[in-house]
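Everything quoted here is computed from the prediction, not taken from an experiment.
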Amino acid sequence: METWQGTEALILSGSPEQEVGYVANFLQAHPSVKVVCADSGTRHLAKLHCHPDLIVGDFDSSVCPDIDCERIQLVPEKDDTDTMHALQVVIDRGCTSVWIACATGGRLDHLLSNLSLCEYAWERGCTCRILDAQNELFFVDSGTVELARDDAYKYFSIIPLDYTLHGVSITGAKYPLSDASVTRSTMYTISNEVTASHAHIAIKQGRAFIIRSRDRAR
């Protein structure tokens, strides 16, 4: 099996997104990234003028295009999704940084499944981020996170995955916190803003998503 040790990977999932300019911007900023299409993620290639390194899928709801690249053909009756299988492949090949794009539109079950891949990747020692036109999402399990001030992403939010996050502290932001508890049912860590050069988030105990967001352009 080919090794991709030390490289980054971008997985194009199959959500029916029309606006993929954010993916083109990402590819421009990461020219050496490995591009992997998960099944109907191939539909985005024409708009991106991009050639994939690998296509993974069962193609039960789409047709694999005639592209000269490596392919992994899956069977439709399987336990994982095409996107999850693609993530497993790139982690097995040695990637430790993965982005997944075109993964948040369409069906809610696929949306939630795709978000959970960030936690799966973390458990395998890989950093995985979900990208779309307005958001960047990643997973944390306790510890500290530093967020640089970024005009492209005005807001950041903390979404608890465990019922309670214990010892949440936020500095360098519009709404600071000190050793607070945040629950799923009454989360109030939404739409914060970085006001210093960097914001710092500390969580003593608990798993969460951190989302950086921007408003939709009018």
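With sequence neighbours left out, W99 forms a side-chain hydrogen bond (donor to acceptor under 3.5 Å, both in side chains) with no residue at all. In this structure, D68 has no salt bridge (charged side-chain N to carboxylate O under 4.0 Å, His left out) partners at least two apart in sequence or on a different chain. Partners of H49 under the side-chain contact (heavy atoms from CB on, under 4.5 Å) rule, at least two apart in sequence or in another chain, do not exist in this structure. Every residue meeting the side-chain contact (heavy atoms from CB on, under 4.5 Å) condition with S113, not counting sequence neighbours, appears here in chain and number order: T81. For R149, there are no side-chain hydrogen bond (donor to acceptor under 3.5 Å, both in side chains) partners, not counting sequence neighbours. Here S15 pairs with nothing under the side-chain hydrogen bond (donor to acceptor under 3.5 Å, both in side chains) rule; sequence neighbours left out. Every residue two or more places apart in sequence or in another chain that forms a side-chain contact (heavy atoms from CB on, under 4.5 Å) with K154 is listed here: E193. Under the side-chain hydrogen bond (donor to acceptor under 3.5 Å, both in side chains) criterion, H85 pairs with D80, sequence neighbours left out. With sequence neighbours left out, the side-chain contact (heavy atoms from CB on, under 4.5 Å) criterion links A152 to D150, R214.
Exactly one of V145, I211, I201 qualifies for a side chain to side chain contact (heavy atoms under 4.5 Å, CB included) with F156. That residue is I201. I159 pairs in a side chain to side chain contact (heavy atoms under 4.5 Å, CB included) with only one of the listed residues (I190, I210, V182, T189), which is I190. With L12 as the partner, the side chain to side chain contact (heavy atoms under 4.5 Å, CB included) test is satisfied by one option alone out of T42, V36, V20, L48: L48.
Among residue pairs with one or both ends in residues 8-31, none qualify as salt bridge (charged side-chain N to carboxylate O under 4.0 Å, His left out); sequence neighbours excluded. Legend: side-chain hydrogen bond (donor to acceptor under 3.5 Å, both in side chains) pairs involving residues 156-176, not counting sequence neighbours, sorted by first then second residue: Y163-S185. The stretch residues 199-212 participates, sequence neighbours left out, in these side-chain hydrogen bond (donor to acceptor under 3.5 Å, both in side chains) pairs: E119-R207, E123-R207, D141-R207, E146-H200, D179-K204.
Between C95 and C126, the shortest heavy-atom contact is O-SG, 3.8 Å. When every heavy atom of I130 is checked against every heavy atom of C118, the shortest pair comes out as CG1-SG, 3.6 Å. The minimum heavy-atom distance between A101 and V23, with the atom names listed, is CB-CG2, 3.9 Å. Closest approach of C128 and A121 over heavy atoms only: CB-CB, 3.5 Å. Closest approach of H198 to A148, counting heavy atoms only: CD2-CA, 3.5 Å. Heavy atoms only, all atoms of each residue included: I203 and G206 are closest at CG2-O, 3.9 Å.
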Under the salt bridge (Lys or Arg N to Asp or Glu O under 4.0 Å) rule, what do R93 and E70 come out as? Steps first, then yes or no, please.
CA-CA 14 Å; R93 294 187 178 191; E70 182 185 0; 2.6 Å; yes
Does the pair F139 and F209 meet the rule for a side chain to side chain contact (heavy atoms under 4.5 Å, CB included), with working shown?
CA-CA 5 Å; F139 169 85; F209 287 138; 4.3 Å; yes
Starting from the C-alpha separation in whole Å, work towards a yes-or-no answer on side chain to side chain contact (heavy atoms under 4.5 Å, CB included) for V140 and I158.
CA-CA 10 Å; V140 295; I158 305 171; over 6 Å; no
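Here L117 contributes atom CG and T83 contributes atom OG1; the two are 7.0 Å apart, rounded to the nearest 0.5 Å. Rounding to the nearest 0.5 Å places CG of L131 at 12.5 Å from OG of S13. Within the model, atoms CG of L111 and OG of S116 stand 10.0 Å from one another, a figure rounded to the nearest 0.5 Å. The distance from the OG1 atom of T127 to the CH2 atom of W122 is 11.0 Å, given to the nearest 0.5 Å. Here D82 contributes atom CG and C37 contributes atom SG; the two are 11.5 Å apart, rounded to the nearest 0.5 Å. Here the OG1 atom belonging to T7 is positioned 6.0 Å from the NZ atom belonging to K34, to the nearest 0.5 angstrom.
Under a 3.5 Å cut-off, the side chain of N114 and the backbone N or O of A103 do form a donor-acceptor pair.
Applying the 6.0 Å contact sphere to CG of L112 captures more than 12 heavy atoms from other residues, nucleotides or ligands. The number of heavy atoms from other shown groups lying within 6.0 Å of CG (D151) does not exceed 12.
Under the 4.5 Å side-chain contact rule for hydrophobic residues, Y155 and V168 do not share a cluster. Linking ILVMFWY side-chain heavy atoms closer than 4.5 Å, directly or via other members, places V35 and Y22 in a single hydrophobic cluster. Taken together through direct or relayed side-chain contacts under 4.5 Å among Ile, Leu, Val, Met, Phe, Trp and Tyr, Y120 and L115 form part of one hydrophobic cluster.
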